[in-house]
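Below: one structure, written as structure tokens.
Here the structure is a predicted model, which is why all the values come from computation and not from measurement.
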Protein chains: 2
Amino acid sequence: MEATQKAVSLLETAQLRQTPQRIVILATLLAEHTHPSAEDLHLRISPQLPSISIGTVYRTLESLVEAGIVRKVRSESGTMFFDANIEPHHHLYDEHARRIADFEDARLHALIAEYLQKHPIPGFDVYDFQLHISGSFQPPVS
Amino acid sequence: MEATQKAVSLLETAQLRQTPQRIVILATLLAEHTHPSAEDLHLRISPQLPSISIGTVYRTLESLVEAGIVRKVRSESGTMFFDANIEPHHHLYDEHARRIADFEDARLHALIAEYLQKHPIPGFDVYDFQLHISGSFQPPVS
DNA sequence: CTAGCTGCAAAGCGTTTGCATCAAT
DNA sequence: ATTGATGCAAACGCTTTGCAGCTAG
């Protein structure tokens, strides 16, 4: 399915207003295979919708997160990155390129989930967990 | 050993100048069992050393991190928290109280490390990993 | 003596927000 | 028509930085 159509249908089921801004933001994010920041998205969208403001991008992303359509992940540097992949997955933090990539490994996820279930943490109620793996994509020339 | 003495000896072995500011900052952090922010530390230190500036706190903490004496962890909200416990450990993110607590579990750490070693990620060099467990300390009254 | 740390204040950066206007429903 | 979204710009919170003076070595 095309990204724009998918965006429209997701907004519809989430009962969110289908404004041009929201449709473009969500469609752009769905078409991405990376994890863009709000600013990244704003830059990418500006040519198609020059009047869109960065504030709207932030507010829209926040609504999408609340609706469960989008996930946000904070990077080491503090910037938020957005992710339309809401399947449980982990992240690889590239320390050199300063970007974040998805890391899906159902077995690893199950392994940790099982461990946490078998060994509950006293006084702490676990909602969710995420593995942050830091390293680099291309080993630095040493 | 007393915190101040430990701070002095850590600064010495790290070959960092033993200024009153650095000694107090490190000693305060060593005495903490929580993960204070730079501002927390500044507030806690001000009565003893009223002239100390927040900039110095940040610069000192950065030096200590570089020296491997201190770890920093970014919270969900974006604020940095500092931690004098440099043993490999994971963190519990309390979504309600917005604080971070240590979670040490050598078996879980070993389990994940072993898995990552046995199943290398193609094209990615792993330096380190951290499990972010989110939840709450006192289950909300529902 | 001198390399490097400190205090101060200003600037930086990503993000949020108040407000008047505008548009989806 | 009404509720909620938008653009704009100002403000925000945390962190970093330039600079002149100070201090540990």
With a cut-off of less than 4.0 Å, is there a side-chain N or O of B:Ser51 near OP1 or OP2 of C:dG7?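 For B:Ser51, the contact criterion (side-chain N or O under 4.0 Å from OP1 or OP2 of C:dG7) is met.
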
Measuring to OP1 and OP2 of D:dT6, would you say a side-chain N or O of A:Thr60 lies under 4.0 angstrom away? yes

Length of the [atom1]-[atom2] vector between [X] and [N], whole Å:
X: B:Gln15; N: C:dG4; atom1: CD; atom2: P; value: 12 Å
X: A:Ile23; N: D:dA5; atom1: CD1; atom2: C1'; value: 13 Å
X: A:Ile52; N: C:dA23; atom1: CD1; atom2: C1'; value: 15 Å
X: A:Gln21; N: D:dG4; atom1: CD; atom2: P; value: 17 Å
X: A:Glu66; N: D:dA5; atom1: CD; atom2: C1'; value: 14 Å
X: A:Arg22; N: C:dT25; atom1: CZ; atom2: C1'; value: 13 Å

Gap separating the NE2 atom of A:His132 from the CD atom of A:Gln130, nearest 0.5 angstrom: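 A:His132 atom NE2 to A:Gln130 atom CD measures 4.5 Å (nearest 0.5 Å).
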
Under the 3.5 angstrom rule, does the side chain of B:Arg71 hit a backbone N or O of B:Asp83 as a donor-acceptor pair?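 No, B:Arg71 side chain to B:Asp83 backbone: no donor-acceptor pair under 3.5 Å.
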
For residues 47-54 of chain A, please give each side-chain donor-acceptor pair under 3.5 Å, one per line with the distance, not counting sequence neighbours.
residue: A:Ser53; atom: OG; partner: A:Thr56; partner atom: N; Å: 3.3
residue: A:Ser53; atom: OG; partner: A:Thr56; partner atom: OG1; Å: 3.2

Within the 3.5 Å criterion, strictly below it, is a donor on A:Asp102 or A:His33 matched to an acceptor on the partner's side chain? no

Using distance alone, with no hydrogens and no angle criterion, decide if A:Ser136 and B:Tyr127 have a side-chain donor and acceptor under 3.5 Å apart.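 Result is yes, a qualifying pair exists.
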
Parallel, tilted or perpendicular for A:His119 and A:Tyr115, by the 30°/60° rule? parallel

Which pairs count as side-chain hydrogen bond (donor to acceptor under 3.5 Å, both in side chains) when at least one residue sits in residues 12-31 of chain A, sequence neighbours excluded?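 Output for this query is empty, none listed.
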
Side chain to side chain contact (heavy atoms under 4.5 Å, CB included) against B:His109, all qualifying residues, sequence neighbours excluded: B:Pro88, B:His90, B:Phe129

In B/S/- notation (B base, S sugar-phosphate only, - none; protein heavy atoms under 4.0 Å), nucleotides 12-25 of chain D written 5' to 3' is --SBBBB----BBS

When the C1' atoms of the five terminal pairs at each end define the local axes, what inter-axis angle does the helix from C:dC1-D:dG25 to C:dT25-D:dA1 show, to 10 degrees? 40°

Can you name the residues that form a salt bridge (Lys or Arg N to Asp or Glu O under 4.0 Å) with B:Glu114, not counting sequence neighbours? B:Lys118

